[in-house]
Amino acid sequence: MKHQSVGQFLEYVAQRNPGQPEFLQAVTEVMESLWPFIEKHPRYADHGLLERLVEPERVISFRVSWFDDHGQVHVNRGYRIQHSMAIGPYKGGLRFHPSVTLSVLKFLAFEQTFKNALTTLPMGGGKGGSDFDPKGKSPTEVMRFCQAFVTELFRHVGPDTDVPAGDIGVGGREVGFMAGMYKKLANTAAGVFTGKGLAFGGSLIRPEATGYGTVYFAEEMLKTRGRSFDGLRVSVSGSGNVAQYAVEKAMQQGAKVITVSDSSGTIIDEEGFTPEKLAILMDVKNHHYGRVSDYAERTGVRFEAGVRPWHVPVDVALPCATQNELDESDARTLIANGVLCVAEGANMPSTNEAAKVFEQAGVLYAPGKASNAGGVATSGLEMSQNSARLSWTRDEVDARLLGIMRGIHGACLEHGRRDDGRVSYIDGANIAGFAKVADAMLAQGVV
Ligand SMILES: NC(=O)C1=CN([C@@H]2O[C@H](COP(=O)(O)OP(=O)(O)OC[C@H]3O[C@@H](n4cnc5c(N)ncnc54)[C@H](OP(=O)(O)O)[C@@H]3O)[C@@H](O)[C@H]2O)C=CC1
Ligand SMILES: N=C(CCC(=O)O)C(=O)O
């Protein structure tokens, strides 16, 4: 092997990617987990495979200029990271958030490559977005930004090239604006975005899919200990697309969901969410673009400003907000309070240190590439429906989603079981995802 240790390899990656902490964090988590497997199967280090895997196939950066409602010009930076096409067209979300940087999008695209492989659907890995902040913008300003963004992006994407979707700050509204502009520029009705509206090629269950899938995966984990969600206390972070449907599905499975959050703080409801309360949260967030503090005012539940949910004693924690929202101290607090299971709905919400602490304590811990794959999997099902020019029923899509999540869980058990009988979902997900991508890369030559 070119690099005799994982430390040497990570030093090589750090030297080539200065000032990219999130990307290096994601690569470190994967490569530390994979290294023993690669030492047992050294062909996976042949032909520069590892060096190629940590280098995106293409990084596109572009200027986005747009007018606000007062005639002022704004300039944002847009990106699309086309990480790997080894097993299919680039596939991954678009994130609109002021915290977006090249490093954040490279980490997301790197993770997406393995996540998409785990779904068993033919999708490569990619990610994009902009430092544009949709918060506080009018609908017309969001539309003008989306249109300006696509006037550059359109030349780089297509149904068999690169298929974007939503992520933080990009929901059905934004996907619709971008899909409309793409059609005009490319003069095709091809469904090049997923997460589209049902009236123009969207799939039932896609809005719910990430949150539902995270709960489906956690249910499979709990079953390995003879447990289920029924009667368990659950904390959820975030209050956007993933969080809302994680709450809905956890409630349907009999759980008492105690918290949701946003960047201003956390609501804590010891009585637990009900369908009626969730409808109010969705109205506040999705129709009025409000804060969880607004939800607290409408319902009278407790709001704690400036804190995350992890101090609340629960049996299951579902981080569904953003990267690095759960650190080692949070993990130790959750463990001290008796947490059984942590399933990530967000991308890389736990720091590497927190993830290690969870595993060392014997907590059922699932990394996002495994437990949050339901979103992109259902995007893949949307692509299948578009290609077949068919629309499946809600139950058909939900059943396929459940099957895919159970399949990912099975792959984690197969590849993550250790000599002492414990399962490392980190190792299982990384090995299962990596092996598929690496086998495809080795077969397709040094490109
Ligand atoms: N949408 C999808 O299909 C999928 C999304 N994911 C991941 O799930 C996570 C949530 O995405 P999604 O629900 O789609 O996005 P949304 O924009 O719908 O919601 C994001 C939520 O996270 C909160 N949040 C974002 N940034 C921060 C921050 N820096 N600190 C605290 N809270 C923050 C937001 O609060 P606020 O409004 O205050 O910013 C909001 O409540 C992300 O990690 C995303 O990458 C993973 C798989 C699929
Ligand atoms: N944002 C997503 C969903 C990507 C997709 O549906 O193509 C993710 O998997 O992180």
Side-chain angles (χ1 to χ4, degrees), residues 22 88-100 104-105 107-116 118-119 121 123-129 133-136 162-175 192-196 202-203 205-214 236-247 260-267 281-282 284-286 289-295 306-309 318-326 344-350 367-383:
E22 295 86 358
Y90 305 111
K91 184 76 188 86
L94 293 167
R95 177 177 292 190
F96 292 166
H97 194 275
S99 64
V100 163
V104 166
L105 293 177
F107 115 65
L108 287 164
F110 183 71
E111 282 283 292
Q112 197 81 47
T113 294
F114 303 112
K115 179 191 314 186
N116 295 0
L118 285 169
T119 70
L121 298 173
M123 301 184 291
K127 207 80 174 192
D133 186 358
K135 282 204 199 71
D162 187 344
V163 181
D167 194 88
I168 294 179
V170 179
R173 174 184 69 168
E174 292 73 21
V175 169
V192 80
F193 286 79
T194 56
K196 303 184 291 297
S203 173
I205 298 289
R206 179 60 187 89
E208 298 90 335
T210 312
Y212 279 19
T214 299
V236 174
S237 67
S239 50
N241 170 257
V242 178
Q244 290 172 25
Y245 290 106
V247 170
V260 291
S261 71
D262 62 23
S263 51
S264 63
T266 294
I267 67 104
L281 177 70
M282 289 181 168
V284 165
K285 296 294 294 186
N286 305 341
Y289 298 93
R291 320 302 299 150
V292 291
S293 54
D294 300 320
Y295 168 80
V307 300
R308 298 185 298 241
L318 305 176
C320 299
T322 192
Q323 65 274 3
N324 294 325
E325 59 166 314
L326 196 163
E344 298 183 337
N347 284 304
M348 202 170 72
S350 306
K369 64 172 72 75
S371 46
N372 79 36
V376 71
T378 307
S379 275
L381 299 178
E382 181 173 334
M383 293 165 70

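Only a predicted model underlies this, so the values are computations on that prediction, with no experimental measurement involved. In what follows, residues are counted from 1 in the order of the sequence shown. The basis for the numbers below is simple: all heavy atoms, side chains too, and nothing from hydrogens, waters or symmetry mates. Counting starts at 1 for both ligands and their atoms, in listed order.
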For this session: Starting from the C-alpha separation in whole Å, work towards a yes-or-no answer on side-chain contact (heavy atoms from CB on, under 4.5 Å) for Thr194 and Lys91.
Result: CA-CA 9 Å; Thr194 56; Lys91 184 76 188 86; 2.8 Å; yes
For this session: Take Arg95 and Thr322 through the side-chain contact (heavy atoms from CB on, under 4.5 Å) test and state the conclusion after the steps.
Result: CA-CA 11 Å; Arg95 177 177 292 190; Thr322 192; 4.2 Å; yes
Please work out whether any backbone atom (N, CA, C, O) or any side-chain heavy atom from C-beta onward of [X] is under 4.0 Å from ligand 1, and answer side chain, backbone, both or neither.
X	value
Ala165	neither
Arg95	side chain
Thr210	side chain
Gln244	neither
Ser261	backbone

Shortest non-hydrogen separation from [X] to [Y] and the atoms involved:
X	Y	value
Arg291	Ser263	NH2-OG, 3.2 Å
Asn116	Met123	CB-O, 3.4 Å
Pro319	Ser237	CA-OG, 3.1 Å

Contact atoms of ligand 1, heavy-atom distance to [X] under 4.0 Å:
X	answer
Ala346	7 (C), 8 (O), 9 (C), 43 (O)
Gly345	6 (N), 7 (C), 8 (O), 46 (C)
Asn372	46 (C), 47 (C)
Cys320	9 (C), 10 (C)

Please confirm whether [X] approaches ligand 1 to less than 4.0 Å, judged on its heavy atoms.
X	result
Ser99	no
Gln323	no
Ser239	yes
Lys135	yes
Gly171	no
Arg308	no
Ser379	no

Give a yes or no answer on whether the side chain of [X] reaches the backbone of [Y] with a donor-acceptor pair at less than 3.5 Å.
X	Y	result
Thr214	Ser371	yes
Asp262	Val292	yes
Gln244	Ser239	yes
Glu174	Gly166	no
Asn372	Thr210	no
Glu382	Gly195	yes

Seminar exercise, completed: Nearest non-hydrogen contact to atom 19 (O) of ligand 1 from the set Gly169, Gly240, Gly213 belongs to Gly240
Seminar exercise, completed: Of Gly368, Ala321, Ala246, the one whose closest heavy atom lies nearest atom 22 (O) of ligand 1 is Ala321
Exercise. Atom NZ of Lys127 and atom OG1 of Thr113: how far apart are they, to the nearest 0.5 Å?
Worked result: 10.5 Å
Exercise. Hey, are Thr266 and Arg308 close enough side-chain-wise for a donor-acceptor pair under 3.5 Å?
Worked result: no
Exercise. With a 4.0 Å cut-off, strictly under, does atom 2 (C) of ligand 1 pick up any protein heavy atom?
Worked result: yes
Seminar exercise, completed: side chain to side chain donor-acceptor pair (under 3.5 Å) test vs Asn347 passes for just one of Glu111, Lys115, Gln112, namely Lys115
For this session: Could you please provide the protein residues found below 4.0 Å of ligand 2 on a heavy-atom basis, arranged by chain and number?
Result: Lys91, Gly92, Gly93, Gln112, Lys115, Lys127, Ala165, Gly166, Asp167, Arg206, Asn347, Gly375, Val376, Ser379
